[in-house]
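As structure tokens, the structure follows; a few thoughts come after it.
These numbers come from a predicted model, not from an experiment.
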Amino acid sequence: MCHAVTSLLSDMGVNAAVHELDRDPRGREMERELEGMLGGRVPAVPALFIGSNLVGGTNRVGHGTAPRRRACAHAQERRYLNPQHKMDRVAKLASERAVVVFTKSNCCMCHTVTSLLSDMGVNAAVHELDREPRGREMEKELARMLGGRVPAVPAVFIGGDLVGGTNRVMALHLAGELVPMLKSAGALWL
């Protein structure tokens, strides 16, 4: 059923982050937390989150109840209140995929970078900070990581390491260094 849900999302063109709990060292712990969020339902997977809100499993895709979504959003909100969690959030998201790009939905340079990566065949995780619940705090953390550069987007991470913004990505691409970097991170196979 997990495969069915991920295939459906992929066929719809959704760039979803997929976490295979049986391959994650803390997978058992996360599965127990999901069971609690799903009212003790076993198995707890697949569990679909949209915009940090729990929708549910296979039988609930598109039919999640508003009270449950609000409860999950509230629990997520409490986690963000910890200042250390804000910094951990950027690092955690940056390490979830081979390529992660922090953007804003109305930023033309962000679109340029994500389009370049997409055209190269890279399936990057894209986080639009203007649509994230704590996007402003995350943007401040990115600016700090970039030496105070404002705006802090786009911010491109490859293999969990901060590469930089548009200028750095384009310079690497023109120098022929971007493709080897992407291959080394496992974002490109050919």
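Of all heavy-atom pairs between L142 and A155, the closest is CD2-CB, 4.0 Å. Across V169 and G164, no two heavy atoms sit closer than the pair CG2-O, 4.5 Å. Nearest heavy-atom pair, P154 versus C107, reported as atom, atom and distance to 0.1 Å: CD-SG, 4.5 Å. Among all heavy-atom pairs drawn from M120 and L182, the shortest one is CE-CD1, 3.8 Å. Between F102 and L93, the shortest heavy-atom distance links the atoms CZ-CB, 3.9 Å. Smallest separation of non-hydrogen atoms from G186 and A98: C-CB, 4.2 Å.
For the atom pair H173 NE2 and M181 CE, the distance stands at 13.0 Å (nearest 0.5 Å). For the atom pair F157 CZ and M145 CE, the distance stands at 4.0 Å (nearest 0.5 Å). How far CG of L178 is from CE of M170: 9.0 Å, rounded to the nearest 0.5 Å. Distance check, rounded to the nearest 0.5 Å: CG of D130 to CG of N106 gives 5.5 Å. Atom CG of L129 sits about 5.5 Å away from atom CE of M138, to the nearest 0.5 Å.
Panel note: side chain S184, backbone P180; no donor-acceptor pair is recorded below 3.5 Å. At distances below 3.5 Å, not a single donor-acceptor pair connects side-chain atoms of R168 with backbone N or O atoms of V156.
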List the atom pairs, donor and acceptor, that lie under 3.5 Å between side-chain atoms in residues 109-119 and the rest of the protein, sequence neighbours left out.
unit_1	atom_1	unit_2	atom_2	d
H111	NE2	S115	OG	3.3
T112	OG1	C108	O	2.9
T114	OG1	C110	O	3.1
T114	OG1	H111	O	3.1
S115	OG	H111	O	2.8

Please evaluate residues R26 and E29 with respect to the criterion salt bridge (Lys or Arg N to Asp or Glu O under 4.0 Å), reporting the C-alpha separation (whole Å), side-chain torsions for both, the decisive distance (0.1 Å), and the verdict.
CA-CA 5 Å; R26 297 181 59 209; E29 179 183 327; 2.7 Å; yes
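Heavy-atom contacts from other residues, nucleotides or ligands closer than 6.0 Å to CG of N167 number 12 or fewer.
Not a single salt bridge (charged side-chain N to carboxylate O under 4.0 Å, His left out) links R136 to another residue, sequence neighbours left out.
Of the candidates V163, V101, V100, V163 is the only one forming a side chain to side chain contact (heavy atoms under 4.5 Å, CB included) with I158.
By the 4.5 Å heavy-atom criterion applied to side chains, K104 and E139 are counted as neighbours.
Comment: R144 engages E141 in a salt bridge, judged by a side-chain N to carboxylate O separation of less than 4.0 angstrom. With respect to E132 and R89, a salt bridge is recorded, a charged nitrogen being found less than 4.0 Å from a carboxylate O.
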